Amino acid sequence: MPSVDDAPSADMPADAPVIVWFRNDLRLSDNPALSHAVASGRPVLCLFVHDPQHAREHALGAAAQWWLDGGLRALHADLARMGAVLHVACGDALALVPRMAAQAGAAEVVWNRRYDPLGRETDTAIKATLKHAGVIAHSFAAGVLYEPWTVRTRAGDAFRVFTAWWRAARASGEPLPPLPAPGHVHAAVSPGAWEGCCVGIDALRLVPVSPDWAGGLREAWQPGEAQARDRLHHFVDGGLGGYADARDRPDLPATSRLSPDLRFGHISPRQAWHAAVAAVRGGAAGGMGEQDLEKFLSELGWRDFAVSLLYAQPELVSCNFRTEFDAMPWRNDARDLCAWQQGRTGYPIVDAGMRQLWRTGWMHNRVRMIVASFLTKHLLCDWRMGEAWFRDTLVDADIASNVINWQWVAGCGVDAAPYFRVFNPVLQARRFDPDGTYVRRWVPELAGVPTSCVHAPWTCDPAIRARVAYPSPIVDLQGGRARALAAWKGLSDAPHEDA
DNA sequence: TTTACTTTGGG
DNA sequence: CCAAAGTAA
């Protein structure tokens with residue numbers, strides 16, 4: 001998998017094109033595959049392949065498809081400014097990419113690596129097919145700070161604990177400085193034979209039409225590399241002041257909001273890393289923001305850690321890391337799940353988060369943990385149900401982060417200790433949304449409720465309650481917690497490795 | 001990346 | 001009485 005030097009096709013004419021196959025790297029800067037293609041001196045063909053079947057079965061939910069539409073349009077426009085064209089095909093990449101390479105008489109196909117199980121399988125097969133056909137296939141590292149196989153224990157195993165993994169990763173050196181965007185792309189003439197399979201972005205039908213539920217997404221986001229760069233600079237320009245603490249506050253604009261940009265590669269984690277380091281260490285603040293910087297870098301690290309765990313164990317997309325959880329007596333109550341999805345649980349912080357997700361395709365990180373704990377603990381719903389909902393509704397939905405973090409919250413993942421993570425949604429809300437600003441923003445029914453009871457409206461004065469149309473709690477917190485701990489204890493009685 | 005319950009010590 | 005600190009799960 002690490003970069004391979006393939007037999008050079010010396011017999012290829014000098015004007016045989018290079019195909020840059022874009023996937024989760026919709027950007028021009030710090031794009032090693034694109035830079036390699038430009039540096040080769042050959043004419044360049046830029047290609048994106050959408051596989052609806054693959055997308056349906058694997059992690060490209062409806063909200064992420066909406067983002068992809070905007071991301072492709074932005075990349076198309078950015079490439080056009082460089083003098084190049086983004087060719088958009090629709091179908092099975094395994095069949096299309098080798099065929100299109102042959103039709104174009106391509107000397108080389110290049111891409112930036114992906115690490116999810118299905119992506120790896122597809123890319124390995126395509127690489128073999130291309131090589132067999134005498135076309136050079138070359139892949140690059142661009143989507144992570146540290147590729148999964150580069151961080152290993154002394155015994156050569158994968159790490160299972162973040163802090164140990166992070167120490168080893170950082171000891172392997174600083175991530176490479178980002179590459180500049182090419183100044184100009186020498187585009188190849190579009191092969192006539194590509195007409196048949198290149199359909200254009202509209203034809204992918206990535207955007208919802210009837211009903212058009214994406215209004216909230218359009219208000220909240222503008223996909224694209226330029227917008228990602230703006231978000232990054234807006235975030236780091238303040239020197240990350242207070243990030244370490246304020247990042248937990250959903251009522252404050254303290255997080256980077258870069259998750260969808262990283263998911264689709266409008267920005268690379270290396271760019272985020274180096275921009276943050278430069279802003280803090282280069283700034284006048286001296287060592288002041290060091291703690292905030294470390295916190296932000298470690299959040300980038302968590303993203304890589306999830307990738308490396310899934311790389312080591314692809315079955316974690318659907319199997320419990322701790323197999324004793326296979327016996328968990330999930331209730332999976334359909335009405336509970338529905339109330340959770342729609343933000344009608346009667347717990348304001350949970351409902352606010354779920355409504356923010358539905359409306360904007362994104363949820364604050366702290367609130368993600370609260371709603372996930374509530375679903376898997378208090379409602380005793382299988383984490384896979386929550387994972388599927390997040391996958392379909394988050395614009396930043398990423399297989400590795402999604403499954404690893406859901407397993408972590410549910411207690412069946414690495415670094416698990418289930419009883420540590422029964423979040424009390426009322427206490428969490430009081431601590432991290434002390435004025436109720438976040439809750440009132442997303443649950444407008446509670447706008448007139450005083451702060452003293454906004455996170456637990458059933459405790460309000462009856463006169464206030466009577467004026468507020470807001471559901472009663474669907475589960476008792478104490479009872480739900482006790483039920484979850486009892487279910488977990490039932491598993492613990494069975495033999496397992498550690499506590 | 002927690003909670004809930006107990007103990008302690010100051011008022 | 002209450003907050004802070006300790007601790008078990």
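On a predicted model such as this, the values are computed, not experimentally measured, just so you know. We name chains A, B, ... by the order of the sequence lines, and we start the count at 1 in each one.
- With Lys295(A) contributing its side chain and Glu290(A) its backbone, the two residues share no donor-acceptor pair below 3.5 Å.
- If you take CZ of Phe162(A) and C1' of dT1(B), they are 12 Å apart, rounded to a whole angstrom.
- Under 4.0 angstrom from either OP1 or OP2 of dT3(B) there lies no side-chain N or O belonging to Gln478(A).
- At a threshold of 4.0 angstrom between heavy atoms, the contacts of Arg431(A) are confined to the sugar-phosphate backbone, with no base atom among them.
- In this structure, CZ of Phe423(A) is placed 10 Å from P of dT1(B), rounded to the nearest angstrom.
- Between Asn424(A) atom CG and dT3(B) atom C1' there is a gap of 8 Å when expressed in whole angstrom units.
- Within 6.0 Å of atom CD in Gln222(A), 12 or fewer heavy atoms from other residues, nucleotides or ligands are found, so the atom counts as exposed in its surroundings.
- The side chain of Asn365(A) contributes no N or O atom lying less than 4.0 Å from OP1 or OP2 of dT1(B).
- Residue Arg249(A) has no polar side-chain atom (N or O) positioned under 4.0 Å from OP1 or OP2 of dT1(B).
- The separation between Phe305(A) atom CZ and dT1(B) atom C1' is 14 Å, rounded to whole Å.
- Here dA4(B) presents its P atom at 6 Å from CG of Leu427(A), a figure rounded to the nearest Å.
- Residue Glu299(A) contributes atom CD, which lies 11 Å from atom P of dT1(B) at whole-angstrom precision.
- Summarising the geometry, the separation between NZ on Lys377(A) and C1' on dT2(B) is reported as 10 Å, rounded to the nearest angstrom.
- Closest approach of Ala254(A) to Phe235(A), counting heavy atoms only: O-CE1, 3.6 Å.
- Atom pair Arg481(A):CZ and dA4(B):C1' shows a separation of 6 Å (rounding to whole Å applied).
- Atom CZ of residue Arg263(A) and atom CZ of residue Arg303(A) lie 9.5 Å apart, to the nearest 0.5 angstrom.
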